[in-house]
Amino acid sequence: MSTDIIHKIQQIKETLPASVSLIAVTKTVSVDGMRVAYACGIRDFAENKLQEALKKQEELQDLADICWHFIGHLQTNKAKKAVESFSWIHSVDSLKLAQKLDFFAQQALENNIITVSPQVCLQVKILPDDNKYGWSVKQLYQDLVTLQQLRFLHLRGLMAILPFGLSDDNILSGFQKVRDLQVCLSDNNYFGKNFNQLSMGMSGDYLLAIKAGATMIRLGTIIFGSRNR
């Protein structure tokens, strides 16, 4: 397994532009597998279950330069722990959640639990999909004024997961729509000059995401193999 992980990471890195960050998605992956990825130069690790992530963080405390990303649906009652435990939260999918995170980020900063505000991506549902969370474009624009009032989060860009079963042309088109929305928000300076990140693309579609302008790709299966559960 270790040899497979090393080989796959090397192959993927050779295809990535310098502008794209590789985030290893480690849902159900053992800490031993994560250590192999770390030895290959991976420093960005993403989890989508809070309890699983906290256990791994405890076991990997010796790897002090890991940057932890949360990418799963986050319930508001877990917002406090997420703020305290993750540098990046990609899956901020509602105004209510954003406001909760902002509140807990203020508390954590004031109490020196964290020293830097969490980096946040707003999850958008660029195409209709009953199985996904996130803002529609219309709802996001309606919430912009309130989102601009958040003071303790660094809003860095957009995150998207497209519906399953799309053709390559429709996947590319969907990702391009996310990029166009991010460019529009950035050009109009809604969230400052650092609102420049696009977290999109997974194991099956990351090359199309890169073509559309992704700056962060979230890869799990293609690195570590099929999940155990």
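Note that the structure is predicted; figures quoted are calculated from it, not measured.
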Flag, side chain of D102 to backbone of A98, donor-acceptor distance under 3.5 Å: no

Which atom of I23 lies closest to which atom of F45, heavy atoms considered: CG2-C, 4.3 Å

Consider only side-chain N and O atoms of [X] and [Y], and report whether a donor and an acceptor are under 3.5 Å apart.
| X | Y | result |
| --- | --- | --- |
| Q106 | E110 | yes |
| D143 | W135 | yes |
| R156 | N194 | no |

Qualifying salt bridge (charged side-chain N to carboxylate O under 4.0 Å, His left out) pairs, either residue in residues 196-225, two or more places apart: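 For residues 196-225: none.
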
Student check: side-chain heavy atoms of L198 and M216 closer than 4.5 Å: no

Given D65, L60, V31, the one that forms side-chain contact (heavy atoms from CB on, under 4.5 Å) with Y38: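 Result: among D65, L60, V31, D65 is the only option passing the side-chain contact (heavy atoms from CB on, under 4.5 Å) with Y38.
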
Summary of ring-ring contact (aromatic ring centres under 6.0 Å, His included) pairs that have at least one residue in residues 88-108, sequence neighbours excluded: H69-W88, H69-H90, W88-H90

OG-CG distance between S2 and D32, expressed to the nearest 0.5 angstrom: 8.0 Å

Intermediate values then yes/no, side-chain contact (heavy atoms from CB on, under 4.5 Å), Y141 and L185: CA-CA 9 Å; Y141 274 104; L185 295 172; 4.1 Å; yes

In one Ile/Leu/Val/Met/Phe/Trp/Tyr side-chain cluster, 4.5 Å: M200, V183: no

F164 six-ring face occupied by K132 cation (under 6.0 Å, within 45°):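 Cation-pi check for K132 and F164: passes.
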
